[in-house]
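Written below as structure tokens is the structure these notes are about.
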Amino acid sequence: MREFHLKTPIKDEDIADIRIGDIVYLDGIIVTCRDVAHRRVVEEKRPLPVDVRGKAILHAGPIVRQKEDGSYEMVAVGPTTSSRMEKFEEQFVKETGVKLIVGKGGMGPGTERACKNYKALHLVYPAGNAVYAATKVERIIDAQWKDLGMPETLWVNQVRDFGPLIVSIDTNGDNLFEKNKVEFNRRKEEKIKEISKQVSFIK
Amino acid sequence: MSTLTYEYEPKTLSPQATKLRDMLVSYMKIVSRRLPDDVSKKLVELSKIEVDPLQELVYSTMKENQMLAEKLKRPSCQDTGVVQFFLKVGSNFPLLAELNDILTDTVVQVTKEAPLRHNAVQTFDEFNTGLNIGKGVPNIITEIDGDSDKLDMYVYLAGGGCSLPGIAKVLMPGEGYEGIVRFVMDQMTSYGINACPPLLVGIGVANSVEMAAMNSKLALMRRVDSVSPNANAAKMERLFEDGINYIGLGPQGLGGKKSVMGVNIVNTARHPSTIGVGLSLGCWSHRRGRIILDKDLNYELPLNKGVEL
Ligand code: SF4
């Protein structure tokens with residue numbers, strides 16, 4: 001477990017040595033972007049109204065408060081399940097040039113290919129820690145696609161020391177969760193056998 | 001841009017009903033940021049076991065987050081869920097007739113004040129109501145408790161990540177309780193991993209699919225360290241707890257020594273030809289509250305020692 005500090009814009013060489021299980025803290029721009037935004041870019045071929053090239057996206061639907069002067073305040077922000085975006089992510093990375101995809105839980109082969117071919121990382125922020133993350137948001141500098149409602153709006157955040165972000169897929173396409181899953185499933189089968197022997201309550 | 005809107009006309013509440021609503025608004029704000037005592041205690045225990053650097057980092061982030069949420073008075077997780085109420089109410093509780101209106105208005109108010117996330121999407125018309133209420137939401141599940149004059153209510157903020165793994169099925173008796181084992185275990189390594197472990201696992205056993213599902217959700221209302229009063233069910237709880245822990249999901253599914261905060265089974269009788277089984281998961285941020293009220297609205301908060309409204 002090594003620790004890295006990244007700053008947007010991120011270049012290919014900044015993340016070339018980072019491996020699964022490493023920890024990243026981010027300075028710069030991270031944009032919340034989830035289900036419908038991915039669908040719009042990939043299926044409806046609409047350009048993302050925010051330039052995320054060299055920057056980060058966050059699979060998240062935050063709680064945002066609008067202040068009296070019309071500006072926004074980040075109240076609570078944390079990741080949502082990344083695998084819902086798996087279907088779109090390879091194409092999305094290709095189209096947008098995004099470098100960090102931050103979310104929760106693992107992603108699949110499409111994202112592995114994207115991370116390898118277009119040099120990007122998938123990272124997880126420990127979900128449920130939404131106030132901690134919100135305190136790392138210095139400012140919300142823009143909001144696009146507000147028609148999608150509070151959770152799905154593209155909130156453009158300027159962050160400092162945003163993390164801990166745990167690398168789940170690296171630029172070799174290695175996948176931490178898939179590796180873990182092999183072991184989890186082996187142990188699971190072992191236990192299914194063991195428990196099943198002890199629950200013959202129907203005699 | 002969607003032009004659909006959700007019409008909400010607040011009902012005029014009686015003075016006592018208004019008082020109850022205001023109490024519940026205060027309580028729900030607390031529930032949205034402070035974990036119940038049983039969960040906090042369990043998380044401290046687990047954090048002492050998960051001492052590898054990565055796991056330790058996650059647990060210390062969780063601890064820091066809960067402190068910040070309390071200090072800044074904000075919801076501790078951004079997904080404040082679809083609000084669910086499970087109530088047991090006596091026919092002589094004076095506000096019985098107004099309860100549905102009270103609870104709906106509570107959600108509208110607390111959504112503004114906490115603030116909670118807008119999580120009610122009208123199905124088929126597919127738009128977010130922006131109020132956190134919608135058709136059938138909040139979920140209000142009521143059991144009549146004879147002629148008592150009390151209300152005993154759980155409130156649960158059921159997030160998307162931990163609702164997603166929910167599943168129910170009817171097994172053939174030939175598959176036996178052994179069938180339940182695979183049903184539960186398979187879901188742990190597929191969906192459970194994304195439901196923000198350490199998890200509270202709720203298992204329901206019944207005659208049919210909806211009863212089993214409801215039992216599994218009621219199992220999440222029990223304390224994390226509670227034990228089923230049925231000896232065989234208690235044995236199965238223990239076996240599952242050991243077995244799922246052995247998988248070693250760790251915090252956030254990143255791997256570790258433990259996977260769960262607890263396993264609770266709630267069972268009702270079955271049909272001779274069926275075994276209904278349901279599974280519901282609670283995440284580590286298990287925001288479940290319980291309030292017990294008498295006819296004069298004196299209250300107890302058995303899950304939140306020292307909290308006053
Ligand atoms: S599963 Fe729970 S802790 Fe995780 S994001 Fe959802 S509500 Fe928050």
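Sequence lines set the chain letters: A, B, ... in the order given, protein chains first and strands last, and positions in each chain run from 1. No hydrogens, no waters, no symmetry mates; every other heavy atom, side chains included, goes into these values.
Judged as a ring-ring contact (aromatic ring centres under 6.0 Å, His included), and not counting sequence neighbours, the contacts of A/F162 are A/Y125.
Of the two parts of B/I180, neither the backbone nor the side chain holds a non-hydrogen atom closer than 4.5 Å to a non-hydrogen atom of chain A. Contacts between A/I23 and chain B at a heavy-atom distance below 4.5 Å involve the side chain alone, from C-beta outward. Proximity to chain B (any heavy atom under 4.5 Å) is restricted, for A/V124, to the side chain, taken from C-beta onward. Only the side chain of A/K181 comes within contact range of chain B, judged by heavy atoms closer than 4.5 Å. Heavy atoms closer than 4.5 Å to chain B are found nowhere in A/E194, neither backbone nor side chain. With a threshold of 4.5 angstrom between heavy atoms, A/I192 approaches chain B through its backbone and through its side chain. Proximity to chain B (any heavy atom under 4.5 Å) is shown, for A/S168, by neither the backbone nor the side chain. Both the backbone and the side chain of B/I247 come within contact range of chain A, each with at least one heavy atom under 4.5 Å from a heavy atom of that chain. In this structure, chain B has a heavy atom under 4.5 Å from the side chain of A/N180, while its backbone stays farther away. Looking at A/E183, neither its backbone nor its side chain comes within 4.5 Å of chain B, counting heavy atoms on both sides. Using a 4.5 Å cut-off between heavy atoms, B/D186 contacts chain A through both its backbone and its side chain. With a 4.5 Å cut-off on non-hydrogen atoms, A/V77 touches chain B through its backbone but not through its side chain. Interface remark: B/L239 contributes backbone and side-chain atoms alike to the contact with chain A (heavy atom separation under 4.5 Å).
Residues B/N207 and B/V170 share a closest heavy-atom pair of O-CG1, 4.5 Å.
The cationic atom of A/K136 (NZ for Lys, CZ for Arg) lies less than 6.0 Å from the six-membered ring centre of A/Y132 and within 45° of the ring axis.
Between B/Y177 and A/F201, the two ring planes are perpendicular [angle over 60°; tilted spans 30° to 60°].
Each of A/A127, A/G149, A/G105, A/P126 has some count of heavy-atom pairs under 4.5 Å with chain B, and the biggest count is that of A/A127. Between chain B and the options A/A76, A/S83, A/P79, heavy-atom pairs under 4.5 Å are most frequent for A/A76.
The closest side-chain heavy-atom distance from B/P36 to B/R288 is below 4.5 Å.
Residue-level contacts of residues 227-236 of chain B with chain A, in order of numbering, are B/N232, B/K235, B/M236; threshold 4.5 Å between heavy atoms.
At distances below 3.5 Å, not a single donor-acceptor pair connects side-chain atoms of A/R46 with backbone N or O atoms of A/E43.
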